[in-house]
Amino acid sequence: MALMLQACNKSSAPARGWRRIILAIALALVLLILAVQVVFLTDIPRNIVISIARKQSGLRITAGSLRTGWLGHTTLHDVTVALPSDGEAVLSIPTLQLDHSWVLGLLIGESIAVHTISIDRPDLNVRQDERGTWNLQEMARVVSSATTSGPGILPDIQVRDANVSITDNQQRSTNIDHVNIKGEPRGNNNWHVRIDVPDQVDVTADVTPDGPWTHEMNFDIRNVGPWVSPWIPSWPASLRVRGKWNGRIEPTAGLAGRLNIDELTMRMRKGDISGKGFFDTQHPYVSRFDLAWNRLTSDDLRPWFPEIGSAPGLVSGSLHVQPAEGPHPLEPLEVRLLAQSEGIEYIGMAIGNIAADGFLGPGRFVFPDTPDHPTQISLAHNAIHFWGRVSRQPNGVDELFVEVNPRNLELETLLPAGAKIARTPGLLNGQITLTGQPQHFDRIVGQGSLTLDHSDLAGIGPIAFLYELMHVGHDANKPTGNGTIDFTIRNNNIYLSAVRYFDKGADILLSGEIDRITDLPHSPVSIVAVGSVRPLASIHLPGVTDFDEVLAAIQRSALAIRITGPLDRPRQKKIPFSEVGQEMKGLLFGDANKD
């Protein structure tokens, strides 16, 4: 019996050893779980998560609080994302939920894999700095530079009811509400993403969040007038753009790729516009685009061109952009504009058909006006040819040079109705040159020299008044008058250096200015006119060069009037010769002393 008890004691000793080991392991696990649970209640998990996110994204990320569980569900509150160099949050997230691999995997050396990300009511703050760079561009560059080893396992992403605030460097801003985003992994480091804003935006895209973030996107955008009104107040009544974008994010060039517009339709107040084409950011001069507009009215055009008159009118036409053809094109892209206009008035003058061919290249747009590439506009029922260029200067400012060559321009069609009391026949020919910044009309300067033939100016109210003072008759049915017009343009004003006119044996000399020419035909005028029934050149006194003596001789046979008021409703009155001004006196002296 004693031997049996001794044998049992020997056999139970190993069992008690194993029980102690198991008990010790269980106790260790309990202590570990308690320790981990204690850690869960501290800021340590939050700090670890934020540190990993910062390292992998290169962005500055903060979170107010974090709650996590053993089986892989984590909730973060008050998350903000900002650029490393900027204190303002680009993205603010009230609640961010993550489903990921179980936490104990960390204990055996496994990394956490995120399976789903759910975000509710985030705010995206899009801003443009004074250099013109958007913070989203900079964020994409930072993330692209930080992500060198690939994104790993791509999670499902769902964003609900986001708000996007956009502000440019001119402090123009807009808000886009109710943005929803759904992202699903499709293998090979590819996300399939859908973005929608109810009744306004529907976008589907395949994105590779690695390296240059290559992406292919299909979009259908409509009814976005409220979003763009801070930039384009006269946005069409309705617009739809449908197409595709294939692109990537380059470290230096930013967003690059090819844009295809499959459908562009705009419904204006009464007319409509349609178009399609494509544009390649890296090869812009292979681009093509066709735009057509149909039966646009004066009301449609006036919000874009305030100088369009109130008279009813219609305009239709087309714009074609394509790679230039021919052996020696001036620039790589050819632009062709055709417009048919009826009843449209611009600064008081009827605008007819327009035919303009030009060439677009790096920093320059040229319109040559050659037989193969004509450039002309019908203005006040007259065909006017012009040629010129717009060049981008090194400082980024556009510089305009235009030469206008009127040919037999009918004077009567150019004069506003209120300035005429009868027919005013006459033909204008000559040259006008303009140069300056096209975006700022007050910075454009120019000069012109015109001839006037086969004319009778007695139909112009102030000239008729001067003729009456001089007792000079006229016959508009037999126009024989001729003259010259020399002027300069600067600061949005026309300065009449000298207008010389001769008809029916009488000389008329005018000098003065037309202010605020962008207000034509209502521009205010200040002009002095001197008329003489004796040709000024015949007043020349042999051997007399004294200024006052010559002017005294002119005064004995000349009359002077002052013309004021708006151009389309001028007023005139007789003035004494002493009020004609030094500039006019100098012109009179020069004309009287011509050989």
Side-chain angles (χ1 to χ4, degrees), residues 83 85-86 126-142 144-145 166-172 212 231-232 247-259 277-289 304 319 321-337 356-370 373 375 386-405 431-448 488-493 517-518:
L83 291 166
S85 58
D86 190 358
V126 183
R127 295 289 184 268
Q128 185 186 39
D129 64 22
E130 63 278 0
R131 300 168 299 172
T133 302
W134 294 91
N135 57 2
L136 284 188
Q137 289 179 274
E138 183 65 15
M139 179 178 283
R141 186 193 65 79
V142 171
S144 179
S145 299
I166 304 173
T167 303
D168 70 4
N169 54 17
Q170 303 298 316
Q171 300 308 308
R172 295 170 295 192
W231 292 270
I232 309 177
R248 60 205 171 277
I249 300 174
E250 301 286 356
T252 56
L255 197 62
R258 173 169 168 149
L259 174 67
F278 70 87
F279 177 76
D280 192 308
T281 63
Q282 289 198 313
H283 307 284
Y285 302 113
V286 302
S287 303
R288 291 179 179 269
F289 197 81
W304 304 81
L319 175 70
V321 179
Q322 64 182 35
E325 300 176 350
H328 303 291
L330 296 175
E331 296 292 346
L333 273 183
E334 182 177 357
V335 181
R336 175 165 293 184
L337 169 67
D357 276 14
F359 294 90
L360 178 64
R364 193 173 77 139
F365 179 65
V366 183
F367 33 100
D369 189 30
T370 63
H373 301 283
T375 303
F386 61 95
W387 66 272
R389 64 181 179 272
V390 179
S391 304
R392 177 64 54 89
Q393 303 303 306
N395 59 2
V397 175
D398 291 334
E399 190 74 22
L400 167 75
F401 177 84
V402 176
E403 181 178 298
V404 182
N405 300 288
Q431 183 181 91
I432 302 170
T433 58
L434 301 170
T435 184
Q437 299 178 21
Q439 301 94 331
H440 306 282
F441 197 87
D442 58 342
R443 298 180 187 176
I444 291 179
V445 298
Q447 62 181 19
T488 60
I489 298 173
R490 63 181 186 276
N491 300 324
N492 198 24
N493 301 326
I517 56 179
T518 49

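Predicted, not measured: the structure shown is a model, and the values here were computed from it. Heavy atoms only: backbone and side chains are in, while hydrogens, waters and symmetry mates are out.
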First locate atom [atom1] of [X], then atom [atom2] of [Y], and finally report the distance between them rounded to the nearest 0.5 Å.
| X | Y | atom1 | atom2 | result |
| --- | --- | --- | --- | --- |
| Glu331 | Leu360 | CD | CG | 7.5 Å |
| Asp442 | Asn492 | CG | CG | 6.5 Å |
| Leu330 | Asp357 | CG | CG | 11.0 Å |
| Gln437 | Gln393 | CD | CD | 9.5 Å |

Quiz prompt | Exam field: side chain Asn491 to backbone Asn493, donor-acceptor pair closer than 3.5 Å | solution = no
Self-check item: Backbone N/O of Arg364 and side chain of Ser391: donor-acceptor pair under 3.5 Å
Solution: no
Does [X] have any side-chain hydrogen bond (donor to acceptor under 3.5 Å, both in side chains) partners at least two apart in sequence or in another chain, and if so, which?
| X | answer |
| --- | --- |
| Asp280 | none |
| Thr433 | none |
| Arg288 | none |
| Thr167 | Arg127 |

Quiz prompt | Any side-chain heavy-atom pair of Pro284 and Pro332 under 4.5 Å | solution = no
Quiz prompt | Contact check, side chains of Leu319 and Val335, non-hydrogen atoms, under 4.5 Å | solution = yes
Residues in ring pair (Phe, Tyr, Trp, His ring centres under 6.0 Å) contact with [X], at least two apart in sequence or another chain:
| X | result |
| --- | --- |
| Trp134 | none |
| Phe367 | Phe365, Phe386 |
| Tyr285 | none |

Quiz item: Which residues satisfy the side-chain contact (heavy atoms from CB on, under 4.5 Å) test with Asn169, sequence neighbours excluded?
Solution: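 Residues passing side-chain contact (heavy atoms from CB on, under 4.5 Å) with Asn169: Gln128.
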Quiz item: With sequence neighbours left out, what residues match Ile444 under side-chain contact (heavy atoms from CB on, under 4.5 Å)?
Solution: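 Per chain and number, Ile444 pairs via side-chain contact (heavy atoms from CB on, under 4.5 Å) with Leu400, Leu434, Phe441.
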Those residues that, when tested against [X], pass salt bridge (Lys or Arg N to Asp or Glu O under 4.0 Å) (two or more places apart):
| X | result |
| --- | --- |
| Arg490 | none |
| Arg258 | none |
| Asp168 | Arg172 |

Minimum heavy-atom distance between [X] and [Y], given as atom pair plus value:
| X | Y | value |
| --- | --- | --- |
| Glu325 | Glu334 | N-OE1, 4.2 Å |
| Trp231 | Ile166 | CH2-O, 4.1 Å |
| Leu333 | Val321 | CD1-CG1, 4.1 Å |
| Pro438 | Asp398 | CD-O, 3.5 Å |

